[in-house]
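Please read the structure below before turning to the comments.
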Amino acid sequence: MKIVFANSAWVSAAERLILRGGGWQKIRLRVRYGLILHPQAGPVLIDTGYTPHVTTGARRSAMLRFYGAVLGPELVEAGQPMSVLARFGLTPRDIRTVIVTHFHADHISGLPLFPNARFIASDAAWSRLKARTARQNLRHGVFTELFPADFETRLDGLSAMRQIPPRGDVPGGADLFGDGSVIAVDLPGHADGQFGLLFPEMDRPLLYAVDVQWLLKALVENRTPGFPARLLAEDFTAIDRTSAALRRFLAAGGEVTRAFRSGPR
Ligand SMILES: [Zn+2]
């Protein structure tokens, strides 16, 4: 099994917004997503990153246009799903599974690109989303207009999957492909129903911890940013608990990677 991470776009933010005690200087962050080449499930996407559906889509609502204008993601052509798949001789029609770690725009933006895919996501979070109005969902940072119309019929919910128990500081969760190779680990705090992906069979167990913290430094040094990150979080108090669990996983020899990653071009 091979796992590749790609950079869909760049966003920048003042360091202090993403790191407690950080400075005013802007940090450039990669908005990543992943591709798993799984021996049985075939090519599987982990989220989609930002795609033109968010930045230039002609049918965007006023709120989505505003969001795109404020955040200003700069799309990376070579890192868009189409380009990355082409490097592996694949097209979007070859993708049979997209794992949707949570419902923020930078994770679901490109779902309409994959007509043959089933979607693995939290069915509990999807039920809560459906019970809310569009305006309430916006307060949770969810643009319902970005979901394909048939999302629900293509949804494979986590709740029906076999659960693998934790082993010491290595977390457990839903066994996505029934072979123990990819496990969905609950990561409460940042977004409703958010989960990360544990790859326990790597030489060093790898946990893709999505958006628990934007900077690895904030995780390792226990520097969760305060306001306004507090306002944006689904459950702010859970972020520190989740971060502490990730630090224990690191201390036990695990490796953590994230959806956002800072660094030069
Ligand atoms: Zn998010």
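Any value given below was found using the heavy atoms of this structure, including those in side chains, with hydrogens, waters and symmetry copies removed. In listed order, ligands and their atoms are each counted from 1.
- Between the side chain of Ser83 and the backbone N or O of Glu77, at least one donor-acceptor pair lies under 3.5 Å.
- When atom types are taken as modelled, the side chain of Glu15 and the backbone of Gly21 share no donor-acceptor pair closer than 3.5 angstrom.
- Ring-plane geometry between His102 and His190 is classed as perpendicular, the angle between the planes exceeding 60 degrees on a 0 to 90 degree scale with a lower cut at 30.
- Both Leu37 and Leu85 are assigned to one and the same hydrophobic cluster, defined by single-linkage of ILVMFWY side chains at heavy-atom distances under 4.5 Å.
- With a 4.5 Å cut-off on side-chain heavy atoms, Phe177 and Ile120 count as touching.
- In summary, of the residues considered (Phe119, Phe143, Phe147), a ring-ring contact (aromatic ring centres under 6.0 Å, His included) with Phe103 occurs for Phe147 alone.
- With a cut-off of 2.8 Å, the protein N/O/S atoms near the Zn ion (ligand 1) add up to 4.
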